[in-house]
Amino acid sequence: MGGRIRLRVMSNHLSLLPAWDDAEGVRRASELFLATYGGRPDGVWAAPGRVNLIGEHLDYNGGFSLPFALPHRTFVALARRDDEFVRLVSDLGAGEPWTGSLDDLGPGRAAGWIAYAGGPAWVLRDEGLPVGGFDAAIASCVPLGAGLSSSAALETAVALALDELFHDGTLGADDAGRTRLAAACVRAENEVAGAATGGMDQAAALRTTAGHALLIDSHDASVRQVPLDLDAAGLAVLVIDTRAPHALADGQYASRRAACERAAARLAVPTLCAVADPEAALARLDDPEEVRRARHVFTEQERVRRVIDLVSASRLSEIGPDLDGSHASLAGDYEVSCRELDVAVSAARDAGARGARMTGGGFGGSAIALVERGAESRVADAVASAFAEHGFTPPAFLVARASAPGGRVA
């Protein structure tokens with residue numbers, strides 16, 4: 001698989017998050033399907049989690065983000081049915097399959113992981129695609145609650161399977177179709193799962209290419225592939241799963257988005273990233289919360305632009321200060337960090353990281369650290385030691401590589 005990584009043991013007490021290759025993921029999903037339903041699936045599809053290098057909380061503000069796909073993927077073994085019933089089972093669930101109709105997967109009806117797994121089916125049918133009933137078995141090595149987009153990996157893997165089995169794979173065949181699938185998955189997350197997220201995660205799962213980050217302009221959903229050769233730069237991205245609980249449907253994420261939308265309305269712009277003069281805009285806002293949220297959006301957009309210029313010029317080693325600045329803004333103006341994330345970022349920097357920041361929606365989840373190749377163990381040890389000193393749950397680690405987008409794997 002493009003973008004596969006080998007995770008080596010850093011030290012005996014560190015927990016590593018392994019990525020399955022396609023054969024392992026297919027085996028796990030297919031065996032779960034057979035054990036649950038007593039037959040074989042029509043195929044197996046997979047989609048990746050993601051890390052966002054920079055550009056946090058800009059996807060719903062009309063701005064830029066720069067994610068890349070992880071080798072950690074969700075695998076979905078799926079078979080078409082001849083009726084309207086749906087059965088879903090997951091290796092992360094209680095073991096008993098969920099059974100219902102397509103109508104039962106709509107807004108206000110589905111909850112928990114069922115909303116993410118089944119929501120895309122309801123949305124695609126609502127948008128006119130001939131989706132019928134199906135059986136699905138889900139196996140995943142994308143860490144849950146880590147801010148690495150396990151939900152979008154699940155949604156997009158299911159959407160790809162349904163597109164192929166009910167729509168001849170028309171949408172998954174090119175970027176225009178994948179853009180539509182990504183938008184359907186965003187609807188599923190917003191309307192069915194009740195998480196007010198933007199579209200970065202779904203685009204990263206469906207529209208990336210191996211060895212590249214994906215520059216997303218959420219103003220018009222356009223993308224550009226940006227080569228991300230960390231090895232050539234002698235660098236690595238160490239992902240630190242803080243194990244602090246991370247949830248996007250608990251109201252905090254939605255409240256940040258709502259504050260940004262209120263500020264945009266006061267400024268008479270469609271989104272905050274459409275503001276031409278940020279300083280003048282901040283002077284016009286009189287609500288302290290809206291000022292802080294808007295200031296993060298304005299400064300983060302500038303950081304993304306600088307990072308894009310540096311990465312495009314093969315100057316990856318110089319992006320550290322913007323990673324640091326992003327975390328300071330997310331912790332201060334946007335208030336989406338937490339003690340575990342702050343400790344992880346601080347310890348990584350103290351151990352020699354070029355830069356570090358939280359990644360994902362926040363309120364827990366993961367941080368990333370840009371480190372010299374070969375220094376991953378030292379930095380990870382320092383973070384683990386800092387967590388032990390603070391009495392936190394031990395963190396987990398992975399070393400990220402820009403990997404392939406979702407697709408059929410069996």
task: Measure the spacing between CG of Asp201 and CD of Glu189 and express it to the nearest 0.5 Å.
output: 7.0 Å
message: Looking at Ala351, is its backbone amide N or carbonyl O close enough to the side chain of Arg378 to form a donor-acceptor pair, meaning the two atoms are under 3.5 Å apart?
response: yes
Test side chain to side chain donor-acceptor pair (under 3.5 Å) applied to Thr299 - qualifying residues, sequence neighbours left out: Arg303
field: Non-hydrogen side-chain atoms of Leu215 and Val223 separated by less than 4.5 Å
entry: no
- line: Applying side chain to side chain donor-acceptor pair (under 3.5 Å) to Ser140 and not counting sequence neighbours gives Thr74
query: Thr242 and Pro395: which non-hydrogen atoms are nearest, and at how many Å?
result: CA-CB, 4.5 Å
query: Rounded to the nearest 0.5 Å, how far does OG of Ser314 lie from CG of Asp229?
result: 8.5 Å
query: Is the closest basic N to carboxylate O distance between Arg354 and Glu318 below 4.0 Å?
result: no
query: Would you say the side-chain atoms of Gln202 and Thr156 include a donor-acceptor pair closer than 3.5 Å?
result: no
task: Determine, step by step, whether Thr170 and Asp168 satisfy the side chain to side chain donor-acceptor pair (under 3.5 Å) criterion, reporting the C-alpha distance in whole Å, the side-chain angles of both residues, the deciding distance to 0.1 Å, and the verdict.
output: CA-CA 5 Å; Thr170 303; Asp168 297 325; 5.4 Å; no
- prompt: Is it the case that Asp309 and Ser312 place a side-chain donor and acceptor less than 3.5 Å from each other?
  reply: no
query: Are the side chain of Thr359 and the backbone N or O of Ala367 linked by a donor-acceptor pair below 3.5 Å?
result: no
- prompt: Do Leu370 and Leu323 have side chains that get closer than 4.5 Å, going by heavy atoms?
  reply: yes
- prompt: Heavy-atom distance under 4.5 Å between the side chains of Trp98 and Val86, does that happen here?
  reply: yes
message: Going by salt bridge (Lys or Arg N to Asp or Glu O under 4.0 Å), name the residues that satisfy it together with Arg257, two or more places apart in sequence or in a different chain.
response: Glu261
message: Between Asp287 (side chain only) and Glu289 (backbone N and O only), is there a donor and an acceptor less than 3.5 Å apart?
response: yes
task: Output all residues satisfying ring-ring contact (aromatic ring centres under 6.0 Å, His included) with His57, sequence neighbours left out; order by chain, then residue number.
output: Tyr60, Tyr253, Tyr334
task: Keeping the roles fixed (side chain from His327, backbone from Met358), state whether a donor-acceptor pair exists under 3.5 Å.
output: yes
task: Decide side chain to side chain contact (heavy atoms under 4.5 Å, CB included) for Phe397 and Ile240; before the verdict, give the C-alpha distance in whole Å, the side-chain angles of both, and the deciding distance to 0.1 Å.
output: CA-CA 5 Å; Phe397 303 88; Ile240 305 158; 3.9 Å; yes
- prompt: For the atom pair CG (Asp241) and CG (Leu148), what is the distance rounded to the nearest 0.5 Å?
  reply: 6.5 Å
query: After noting the C-alpha distance and the side-chain angles of Ile138 and Trp113, does the key distance pass the side chain to side chain contact (heavy atoms under 4.5 Å, CB included) rule?
result: CA-CA 11 Å; Ile138 300 152; Trp113 70 270; 3.7 Å; yes
- prompt: Any sub-3.5 Å donor-acceptor pair from His212's side-chain atoms to Ala210's backbone N or O?
  reply: yes
- prompt: Are the side chains of Glu127 and Arg180 in touch, meaning some heavy atoms are under 4.5 Å apart?
  reply: yes
message: Which residues pass the side chain to side chain contact (heavy atoms under 4.5 Å, CB included) test with Arg28, not counting sequence neighbours?
response: Trp20, Glu24, Ala139
field: salt bridge (Lys or Arg N to Asp or Glu O under 4.0 Å) against Arg339, all qualifying residues, sequence neighbours excluded
entry: none
query: Looking only at atom types and distance, does a side-chain atom of Asn61 sit under 3.5 Å from a main-chain N or O of Cys260, one as donor and one as acceptor?
result: no
message: Tell me if a side-chain donor or acceptor on Ser218 pairs with a main-chain N or O of Ala221 at a distance below 3.5 Å.
response: no
message: Please report the interatomic distance OG(Ser326) to NE2(His296), rounded to the nearest 0.5 Å.
response: 6.0 Å
statement: Hits for salt bridge (Lys or Arg N to Asp or Glu O under 4.0 Å) against Arg125, two or more places apart or cross-chain, chain-then-number order -> Glu84, Asp103
task: Please tell me if the side chains of Arg401 and Val237 come closer than 4.5 Å, counting only heavy atoms from C-beta onward.
output: no
- prompt: What pair of heavy atoms forms the shortest contact from Leu272 to Ala264, and how long is it?
  reply: CD2-N, 3.8 Å
query: Who pairs with Arg349 by side chain to side chain donor-acceptor pair (under 3.5 Å), at least two apart in sequence or on another chain?
result: Asp324
- prompt: Can you check whether Val409 reaches Arg73 side chain to side chain, under 4.5 Å on heavy atoms?
  reply: yes
field: side chain to side chain donor-acceptor pair (under 3.5 Å) partners of residues 263-285, not counting sequence neighbours, each pair once
entry: Arg266-Glu290
message: Strictly below 4.0 Å, N to O, side chains only: are Arg224 and Asp217 in salt-bridge contact?
response: no
message: Checking Gln252 against Glu335: is there a side-chain donor and acceptor pair closer than 3.5 Å?
response: no
- prompt: Between Asp333 and Arg295, does at least one N-O distance fall below 4.0 Å, as a salt bridge requires?
  reply: yes
- line: Shortest non-hydrogen pair, Leu206 vs Pro405, comes out as O-CB, 3.8 Å
- line: With Asp322 as partner, the option from Arg305, Arg357, Arg306 fulfilling salt bridge (charged side-chain N to carboxylate O under 4.0 Å, His left out) is Arg306
message: For Glu56, run the side-chain contact (heavy atoms from CB on, under 4.5 Å) check against Asp59, Asn52, Leu58 and tell me which one passes.
response: Asn52
field: All salt bridge (Lys or Arg N to Asp or Glu O under 4.0 Å) counterparts of Glu340, not counting sequence neighbours
entry: none
- request: Give every residue pair that meets the ring-ring contact (aromatic ring centres under 6.0 Å, His included) criterion with at least one member in residues 365-395, sequence neighbours excluded.
  value: Phe387-Phe392, His390-Phe392
message: Nearest 0.5 Å, please: how far is CG in Leu162 from CG in Leu129?
response: 9.5 Å
task: Scan Ile368, Val383, Val379 and name whichever one has a side-chain contact (heavy atoms from CB on, under 4.5 Å) with Leu238.
output: Val379
task: State plainly whether the residues Asp126 and Arg187 are in salt-bridge range, i.e. N to O under 4.0 Å.
output: yes
field: Gap separating the OG atom of Ser65 from the CZ atom of Arg50, nearest 0.5 angstrom
entry: 9.0 Å
- request: Identify, with sequence neighbours excluded, every residue that meets side chain to side chain donor-acceptor pair (under 3.5 Å) alongside Asp135.
  value: Arg81, Arg87
- request: May I ask you to test the Leu53-Pro67 pair for a side-chain heavy-atom distance under 4.5 Å?
  value: no
